[in-house]
Structures are given as structure tokens and as C-alpha cells.
Amino acid sequence: IDRAFSGTNDDRPEFMELVSDSKKGQFELCIVHKMDRFSRDLYQTLYYTNKLKDNNVDVVSVSENYDTATPEGMLLRNMMSSISEYFSKNLGKEVTKGMRENGFNARFNGGTGIYAYSICPDTKKYIINESEAPAVRKIFELFNKSYMYRDIIAELDRLGYKARNGKSFTPSAIRNILKDIRYIGTYTWGVTTRKRNVKKKQDESKVIRIEGGIDSIISKEEFAKIEVFDDLDVKTDQEIKRQLEIWQLETFKLSPFYAD
């Protein structure tokens, strides 16, 4: 049983173990409730049923009455597999359509949500969580004062600010907050996509961004200070501090109080 794995592909550990075990002659039948539990892809249904057959294992559907030993049974199985693949792909298309509609209306689209925001039960839109928002403001304030990640976490702990799991913030959580443009009010959806159970960045043309789609917690000016760092993921504390000092010096040179 592959829990939380899609039947639309063969990237399923338990399924592939079944195929591998079929070579050992330990069983003669693979029993499924319906063929769409075996696979919802016609090509893969044909490929793996034949692979199992080569290993003297038959695939039997207990709720679909057809005998694949006959031409009529094979035809019916293939027709049912085609229909399952069609419904699966059509459902995926309709779900994506609904999610994109939510995105264009800046509504919550599922997932873990954003720290410091709650979801309005009526509109499904993001609203500021005033019990968590001060932590986000403090993170930006301290980072722009050249605090290191560990020092930011220590100060948040001292002030009693915790992550949603009740534990201290982690450096990666701090980094993600500092990079998230949603805190300046820009709603985003579709930045990543999941294919074959692997998350990857989606084509930029499919990403939805709506400026002002969310109430902002951080000002654009304050967030702009963070953007001087090309990649917060690979910067050490010392590199971040050095770049921040350079940015502060360059900014001061542009002020009317600087005299060369």
C-alpha cells in the first residue's frame, strides 16, 4: 500500500517492490479493488501487467468482472484503464483551474499557510495574526541591525516569540521569512509545482503575483534592505553582516549629510 502516492505514475516504493518481488515466485496473484488502484495510466497498466505476467503473476480486479485471458476481457480492461486515465487528468485540470481562480482572487489555496497570517473563514483570504506579526517585525528589525541568525533567535526566545510548533525559530525559518515577499503584501501562488512527488520551481509565466493582495506586515523600504543579499541560502552570518555594512555605507553616501 503506497499511502500519499499518486496512482498516475510508477514512482511508488511499495508498488515497485511488488514488481520486484514478482520475480521471486512468491505469489501468483496481485489482487486489487479496482484497476485504477493498480494504475491510472494506460501505458503503465499495460507495461506492468505484462511485466507481472512474464513473472507468472496475474492481476485481478475484485470489483470489475472481466477475464484478461480472453480478447474481450483484455479490451474491457484497456477501455477501463483509458477511462480512469481520462478522469484522473481531467480532475487534475479542473482542480488546477479552481486553484488558479483562487490565486487570481488572492485566496488561500491550501498548504501550511504563512507565519503571522490567519485565514478568514468567510473570504478565505489572509488576515494578519496580531499575536505572531510582532515576531516578524522584530526579525526584520534585528536583521537590519546586523544581528546574526543565532542572535535573532536568542532575542525572539527572550521576548517569548515562538514558531507555530511552540519551539524556537530555526535559522532556515528566519531565512524563509526574510525572503518572503508576502510580508510586504504581495500575494503569490504557483511558485513551485509537484511532479512525480518531487517539488520544483514552476515556469515564471504560470506564477501568480498580486501586489497589495495581502495586508502587509513589513514596509517595502524595510524589505528592500534584505534584497541586497543575492542568496540568503548560502550566505554565512559573517558575509551577511559584511554586505549589510556595505549597503548601509552606500546608502549613507547618497544622503545629504555625507560629504566626500
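Please read these numbers as outputs of a predicted model, since none were measured by experiment. Atom set for the values below is all heavy atoms of this structure, side chains included, hydrogens, waters and symmetry mates excluded.
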Within the 4.5 Å heavy-atom criterion, are [X] and [Y] side-chain neighbours or not?
X      : Y      : result
Val57  : Glu28  : no
Phe169 : Ile152 : no
Tyr161 : Ile153 : no
Tyr126 : Cys120 : no
Thr49  : Met35  : yes
Ile127 : Ile119 : no
Ile177 : Phe140 : yes

(message) Pair Phe15, Tyr48 - check ring pair (Phe, Tyr, Trp, His ring centres under 6.0 Å), show working.
(response) CA-CA 10 Å; Phe15 178 79; Tyr48 285 108; 5.2 Å; yes

To the nearest 0.5 Å, how far apart are [atom1] in [X] and [atom2] in [Y]?
X      : Y      : atom1 : atom2 : result
Glu155 : Ile139 : CD    : CD1   : 11.5 Å
Asp58  : Cys30  : CG    : SG    : 10.0 Å
Glu222 : Ser216 : CD    : OG    : 11.0 Å
Ser219 : Arg137 : OG    : CZ    : 11.0 Å
Ile31  : His33  : CD1   : NE2   : 13.5 Å
Thr186 : Arg209 : OG1   : CZ    : 9.0 Å

Taking every non-hydrogen atom, the tightest pair across [X] and [Y]:
X      : Y      : result
Ser81  : Leu42  : CB-CD1, 3.7 Å
Asp157 : Ser168 : OD1-OG, 2.9 Å
Gly213 : Tyr187 : CA-CB, 4.2 Å
Val207 : Gly190 : CG2-O, 3.4 Å

Tabulate below the donor-acceptor pairs under 3.5 Å that side-chain atoms of residues 106-115 make, not counting sequence neighbours, or state none.
residue: Arg107; atom: NH1; partner: Asn102; partner atom: OD1; Å: 3.4
residue: Asn109; atom: OD1; partner: Asn102; partner atom: ND2; Å: 3.2
residue: Asn109; atom: ND2; partner: Met99; partner atom: O; Å: 2.7
residue: Tyr115; atom: OH; partner: Lys162; partner atom: O; Å: 3.0

Cluster link [X] to [Y], ILVMFWY, side chain under 4.5 Å:
X      : Y      : answer
Leu76  : Met74  : no
Leu159 : Ile174 : yes
Val62  : Leu29  : yes
Tyr43  : Leu75  : no

Taking side-chain contact (heavy atoms from CB on, under 4.5 Å) as the test, write out the residues that go with [X], two or more places apart.
X     : value
Lys97 : Glu94
Thr96 : Arg100
Ser20 : none

For the backbone of [Y] and the side chain of [X], can you confirm whether one donor and one acceptor N or O come within less than 3.5 Å of each other?
X      : Y      : result
Asn50  : Leu46  : yes
Asp180 : Arg182 : yes
Glu64  : Lys34  : no
Asp151 : Tyr147 : no

(request) Could you pull out all residues at least two apart from Asp215 that satisfy side-chain hydrogen bond (donor to acceptor under 3.5 Å, both in side chains)? (result)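 For Asp215 there are no side-chain hydrogen bond (donor to acceptor under 3.5 Å, both in side chains) partners, ignoring immediate neighbours.
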
(request) Could you tell me which residues satisfy salt bridge (charged side-chain N to carboxylate O under 4.0 Å, His left out) with Lys138, sequence neighbours excluded, listed by chain and number? (result)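 Scan of Lys138 (salt bridge (charged side-chain N to carboxylate O under 4.0 Å, His left out), adjacent residues dropped) gives Glu141.
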
(message) Tell me whether Phe27 at atom CZ has more than 12 heavy atoms from other residues, nucleotides or ligands lying less than 6.0 Å away.
(response)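 Yes.
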
(request) Assess whether salt bridge (Lys or Arg N to Asp or Glu O under 4.0 Å) is satisfied between Asp54 and Lys51, documenting all intermediate values. (result) CA-CA 5 Å; Asp54 289 342; Lys51 199 172 184 67; over 6 Å; no

(message) Side chains of Asp41 and Ser39 only: does a donor on one sit below 3.5 Å from an acceptor on the other?
(response)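 No donor-acceptor contact under 3.5 Å links the two side chains.
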
(message) Working note: Trp189 + Ile210, criterion side-chain contact (heavy atoms from CB on, under 4.5 Å); need CA distance, chi angles, decisive distance, verdict.
(response) CA-CA 9 Å; Trp189 179 80; Ile210 302 175; over 6 Å; no

(request) Report the C-alpha distance between Ile217 and Ile184 in whole Å, list the side-chain angles of each, state the deciding distance to 0.1 Å, and finish with yes or no for side-chain contact (heavy atoms from CB on, under 4.5 Å). (result) CA-CA 6 Å; Ile217 294 176; Ile184 60 173; over 6 Å; no

(message) For Ile218 and Val136: C-alpha separation, side-chain torsions, deciding distance, then whether side-chain contact (heavy atoms from CB on, under 4.5 Å) applies.
(response) CA-CA 8 Å; Ile218 301 299; Val136 172; 4.1 Å; yes

